[in-house]
Amino acid sequence: MRTPLASLAVVLLVAGPVAAQPSADELARFDAAFERIFDEALTERRTYSMLEELCQRAPRRLSGTPAAAAAVEWARQTMIAAGLENVRLEPCMVPRWRRGEVELLRLTAPEEAAGEVLPILALGGSSATARGGVTAEVLVVGSVDELRERAAEARGKIVLFNVPMDPTDPNPFSAYGGAVGVRYAGPAAAHELGAVGAVVRSMTPNLDDIPHTGGTTADAAPACAVSTNGAERIADLSARGLTVRAHLELTCEWLDDVQSYNVVGELRGSSIPDEVIVVGGHLDAWDVGQGAHDCGGGCCQSIEALALLKRLDLRPRRTLRAVLFMNEENGLRGARAYRADHDAEMPGHVMALESDRGVFAPRGFTSDANPEAMTTLRAIAGLLDEYGASLVRPGGGGADISPMRDAGVVQVGYLPDPQRYFDYHHTEADVFEAVHWRELEMGTAAIASLIYAVAELEERLPANPLEDEPAGDD
Ligand SMILES: [Zn+2]
C-alpha cells in the first residue's frame with residue numbers, strides 16, 4: 001500500500017513542481033497598477049497618434065519595399081522617442097514580390113455577362129500571366145479535392161475556387177482557418193493540372209465588392225482573389241448551365257531577396273533582467289490599404305505598452321521586450337531570424353504575446369499555457385473584467401511568436417472582438433480611419449497590464465514543456 005507521502009512524490013514526478021499562484025496581496029497591487037495603466041492610455045491616446053503617423057508615412061509596406069524600409073526607420077525613431085531602451089535593428093533577409101500595373105478579370109461569356117469586370121487583387125507570390133493575359137473557360141469548384149476529382153477538365157481553364165468562409169461559425173478566425181487553405185493549395189493544384197489561371201473567392205464572410213489579397217505558393221498558376229460578389233456572379237452563371245469564359249491578366253513579379261530588419265526595444269527588468277517577456281506584432285503589411293489593423297495597430301500597442309509603463313514608473317522585475325517582426329505576411333523570415341538569433345536566450349524567454357487580430361475592443365487573450373501558467377494568467381486577466389478583457393481562452397499566440405513554441409515559451413495572443421476583422425483584412429479598406437481610438441487604447445492597456453504582471457510576478461510563470469518537433473506556423 002502506498003503512503004500518502006509516496007503518492008505525493010508520484011504526483012510531483014508526473015506533474016513537476018507546482019508553482020505558487022499569485023497571492024491576494026500581489027493581485028491587489030496588480031489591480032491598482034492596472035487602473036493607472038488604463039487611465040494613462042485613455043488620457044494620453046498615444047497609440048492612436050503613433051498609428052496615424054505609421055499609416056501616413058509607410059502605407060503598403062510589403063517586405064523589401066521602400067515603404068517597409070521607411071517603417072523600420074520610423075519604428076526605430078519612435079521607440080527611441082518613447083523612451084524604450086536598447087533600441088536596435090536585427091537584420092533578416094526577406095523575399096520581395098511586386099504587384100504589377102495590370103490586374104484584370106473580365107468576363108467574355110456568356111453574352112449577358114460579357115464585358116463585366118470583377119474586382120480582383122493578385123495573390124502575393126503569384127506569377128504573371130502570359131503577356132497580354134489569358135482568355136479561357138472558367139471551371140468552378142468548391143474545393144481542391146473537387147478540382148482533383150475533375151482533373152481531366154482543368155487543362156487550359158481558369159479555375160475559380162468558390163470556397164466561402166462559414167458564416168455560421170461564431171468565430172470568424174476559425175472560419176478563416178477552415179477556408180484559407182485553398183488560397184495556398186488551390187492555385188498550386190491548378191498549375192499542376194494544367195490550368196492557365198486560378199481565382200480564389202476572397203476570405204471574408206461578407207458579401208461585397210472588396211477583394212482580399214493574401215499569400216499563395218510560388219509554384220502556382222497566375223492567381224488572384226476575386227470579391228465575394230464576383231465569385232457569386234460566376235458561380236450563379238455556371239450553376240445555370242452557362243459556359244463562363246474570362247480574360248485574366250496579371251503582371252506581378254518576383255525580385256531578389258533584400259536585407260530588412262526586426263525592430264526591437266526594451267524596458268529592462270529591475271532585478272531579473274535576463275528573464276524576458278516579448279510583446280509584438282508584425283511591421284510589414286500587404287501592399288494595399290495602410291495595414292492599420294493588420295498589423296500597424298499591434299505594433300503601436302507593443303511600443304506604447306512599454307512606453308506608458310515607463311512613464312508611470314512601473315518598471316517590472318523582468319525585462320519587457322517589444323519586437324516588431326518583419327515579413328509575417330509572405331515569409332515569416334523575421335520571426336525565424338529572431339528565434340535563431342536568440343536561441344541561447346530561449347530558456348530566459350518566459351512568455352511571448354502577439355497582437356495580430358486587429359485592434360478592436362478587448363475581450364482578453366488566447367494562450368497555449370500549461371495548466372499552472374493558465375491558472376496564473378486567468379487570475380491576472382480576471383482583474384481586467386471591468387474593461388471587458390478578462391477572457392483567457394485556449395489557443396495560439398500568433399505566427400510571429402510561433403517559432404518560439406518548441407522552446408517552451410508560453411504563447412499568448414491578444415484577443416479583440418473578432419467580428420469585424422474580415423471587413424478589412426488584406427484590403428484597401430484597412431486604413432487608419434477604420435480604427436477607433438478608444439478600442440485601440442483599451443487594447444494597449446490590456447496588453448500592458450498582462451505583460452507588466454507576468455514580468456513582475458514573484459514566481460516565474462512556469463514554462464511549457466519543450467517540443468521535439470520544430471514549431472510550425474500558425
Ligand atoms: Zn497580420
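Just so you know, residue 1 is the first one in the sequence shown, and it goes up from there. One-based numbering, in listed order, for ligands and for the atoms of each.
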Once the angle between the rings of H342 and H349 is folded into 0 to 90°, is it parallel (under 30°), tilted (30 to 60°) or perpendicular (over 60°)? tilted

Between the side chains of R76 and E73, is the shortest nitrogen-to-carboxylate-oxygen separation below 4.0 Å, so that they form an ion pair? yes

For the pair R46 and E304, find out whether any cationic side-chain nitrogen is under 4.0 Å from an anionic carboxylate oxygen. no

Check whether any N, O or S atom of D356, backbone or side chain, sits closer than 2.8 Å to the Zn ion (ligand 1). yes

Mind checking whether H212 and F422 have ring centres under 6.0 Å apart? no

Taking the N/O/S atoms of D294 one by one, which is nearest to the Zn ion (ligand 1)? OD1

Indicate if the distance from the Zn ion (ligand 1) to the nearest N, O or S atom of E329 falls below 2.8 Å. no

Strictly under 2.8 Å, is the Zn ion (ligand 1) approached by any N, O or S atom of H282? yes

